[in-house]
There are 2 protein chains.
Amino acid sequence: MQQQKLATIEDVAAMAGVSIATVSRAMNEPTKVADATRKRVADAVARTGYTTNAMARSLRMRRSNMILILAPDVGDPNFSNILVGLETEASKRGYGVLIGNTQNDPSRETDYLRFISSNQADGLILFTGHLPYGVGQDAAKLPAMVAVNEPVPGSDVPFVGVDNFEGARVATEHLISQGHRRIAFVGRANNREINSRREQGYLAALAGAGLTADPRLIIDGDGTTESGRAATELMFVRDALPTAFFCVNDATALGVIISLSARNYELPRQFSIMGFDDISFASFVAPSLTTMKQPRHRIGEAAMDLLLALLAGETPKSREVLLRAELILRNSVARVNPGR
Amino acid sequence: MQQQKLATIEDVAAMAGVSIATVSRAMNEPTKVADATRKRVADAVARTGYTTNAMARSLRMRRSNMILILAPDVGDPNFSNILVGLETEASKRGYGVLIGNTQNDPSRETDYLRFISSNQADGLILFTGHLPYGVGQDAAKLPAMVAVNEPVPGSDVPFVGVDNFEGARVATEHLISQGHRRIAFVGRANNREINSRREQGYLAALAGAGLTADPRLIIDGDGTTESGRAATELMFVRDALPTAFFCVNDATALGVIISLSARNYELPRQFSIMGFDDISFASFVAPSLTTMKQPRHRIGEAAMDLLLALLAGETPKSREVLLRAELILRNSVARVNPGR
DNA sequence: AGAGTCGATGTAAAGGTTTTCATGGTTCAT
DNA sequence: ATGAACCATGAAAACCTTTACATCGACTCT
């Protein structure tokens, strides 16, 4: 169980009868070394089982080949699927992935900065939607960064994510194509980028179809299931009902479904519900949820790809990489009930 | 954006008018340094914004304060919640958490060993249920390890997880307490520890109640939703039906529910279904799923705690740390239908 | 007063790489 | 034959800590 003494580059050099510099070159810049010696070195490496000590290399190169991922909630299913993409791409390129679960706790965010200030991570993926606390004004101290899932407002951090505007428009247009004219938007929140972009897409679709938005059908919500439920109840209180609900995300849609089911409405005959995200339970709810699927795996890959390009000194083509969401047809949307 | 030259321990030493050894001591063993100088050092640290270079420290100390987590599927919700616990505990103790997503691909598993062979990780958390490929016979080369979620058969790797036997017994006893006598077990798989332990618990509960197990009600399954569906269909073909299904996990239970619903049975009036795990959608299915909840957060914490104890040289009290699952009563289990 | 302790600090080695610069030999053009 | 150009290699510095050992002064005890 104990770490037995590992072979070092010197052991290899001695066995191959060359200097350590040559061993290093043989491994990292094979062209710069004669064929014969390269082979001798390779043999020695195999015999000793040598692997280069990452710490020593990082120390010397001032680079750790590690990426720190800062996320408010690692347990969030939306996160974990993107993580797979991030991890896959990083691993393919020889990078490791470090997880920081911040729970939106400022002190934890600050704490995680130690990884970058101590050279333990070269780059940063931000799921948090804001720069880490504790950097404040001197954001210059931060390394290369890419925001995922949620853009960082008021900064020039590049963003990779789903095209929320376009996706919301497609979703709303689908409802319109099913004959719906009174379509609610559940989950307005001006202070959240995602929510407001989706709202914009919704409004654009209405406008494109020559429909005017009814302000009573646009309800605030923070994206939780509970907010979806509350929004629905509010509509009944106001007695301003739509024929279809476009919800800012699937969690909200679930709240709407729960609320309507509790009132014994038959879905989707009496009301259509459209979500956004396609989280795992979307296909298990009754009725199963028609929604916009985020290409999470590809988002992760694209984000990591961009970050590594940044680290390599490239300048990004654009500040945003937007991937299209895909319309997933299930059973929560139907043609509008002609009786209504 | 560029890494401006960071302050080193020498800068601090110069500013405080002491040697670098004293700075190091002042930070790591404060008692060994005089109050006055400790204060001067602290001031200098604050003024320079010094943070110790983790690479240099790791190189010198032969310890990285990093834990590698090897998981077959990072996207698995069962995993991600345990991850939160692992991460929380690690972070609290000054450790970082490195993610390795193996997809059960042997080459990826082998690849990740580079982190430990190059000293980039001190310990290993195994979600995979087996030792990493590529170590083979010389398992001695591996660092401290703890298995989570699934034990590693035929090895002495300590395991932290839910008490599958006990949980399954409690679950089955609950069904018995509701008057059920013909109880199926869906998801038998002898080659998987988890499945067979849960089956044992099921059998123990039956035996404890003086019931004999009907082999026709014990159906193979690999824990997927599809396997639950197939198992149910098989029972109808055999025409050997239970009044209640105890499923090896929630995913399987979902398959059973889908299958029964498709046959227009009314649940739970005609059949009761009990799951295991309490994954996120369990409360959203119709009927919402009665199940055994895994204390995932605590499992993660306990596993990390054990691993860090191992790293500190302690010998574990026992090879297994088993946490109790909690019975979550929802709507998929009812008293047995007297009509049947 | 001298020997022995003790506490605070400094010196220097060690940890394992990568990379600059130097060296020595070979080839090629003159 | 001579210098230039080139190639393969080696020596040594640099990356930044931690820590064993040495030193030095002050204090205690006899």
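Source: prediction; values computed, not measured. Letters A, B, ... mirror the listed sequences (proteins, then strands); counts begin at 1.
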Q) Between B/Asn78 and B/Arg296, is a side chain to side chain donor-acceptor pair (under 3.5 Å) present by the stated rule, with each step listed? A) CA-CA 8 Å; B/Asn78 202 17; B/Arg296 281 184 270 272; 2.7 Å; yes
Q. Which nucleotide in the list C/dG16, D/dT18, D/dA12 gets nearest to the side chain of A/Asn53?
A. C/dG16
**Q.** B/Ser19 side-chain proximity, nearest of D/dT17, D/dC15, C/dT11
**A.** C/dT11
Q) Considering only side-chain heavy atoms of B/Ala34, which listed nucleotide, C/dT9, D/dT18, C/dT20, is closest? A) C/dT9
Q. What's the CZ-P distance between B/Arg60 and D/dA20, to the nearest Å?
A. 8 Å
Q | Matching residue for B/Tyr50 among B/Val41, B/Val12, B/Asp11 - test: side chain to side chain contact (heavy atoms under 4.5 Å, CB included) | A | B/Val12
Q) Considering only side-chain heavy atoms of B/Thr22, which listed nucleotide, C/dT19, D/dT18, C/dG10, is closest? A) C/dG10
Q | Closest to the B/Arg25 side chain, choosing from C/dG10, D/dT17, D/dA11 | A | C/dG10
Q: Measure the distance from CD1 on B/Ile20 to C1' on C/dG10 and round it to the nearest whole Å.
A: 10 Å
Q) Quick one: which of D/dT9, C/dG16, C/dT11 gets closest to the side chain of A/Thr8? A) C/dG16
Q) Among C/dT18, D/dT18, C/dG16, which is the nearest nucleotide to the side chain of A/Arg57? A) C/dT18
Q: From the options C/dG10, C/dG15, C/dT18, select the nucleotide whose nearest atom is closest to the side chain of B/Val18.
A: C/dG10
Q: Could you pick out which residue, B/Met55 or B/Arg40, lies toward the 5' side of DNA chain C when each is mapped onto its nearest nucleotide?
A: B/Arg40
Q. Want to settle it: does B/Leu59 or B/Glu29 sit nearer the 5' end of DNA chain D, counting the closest nucleotide to each?
A. B/Leu59
(Q) Under a 4.0 Å threshold between the charged nitrogen and the carboxylate oxygen, would B/Asp35 count as salt-bridged to B/Arg38? (A) yes
Q.
Does this structure show an ion pair linking B/Arg298 with B/Glu301, if we count only N-O contacts that are shorter than 4.0 Å?
A. no
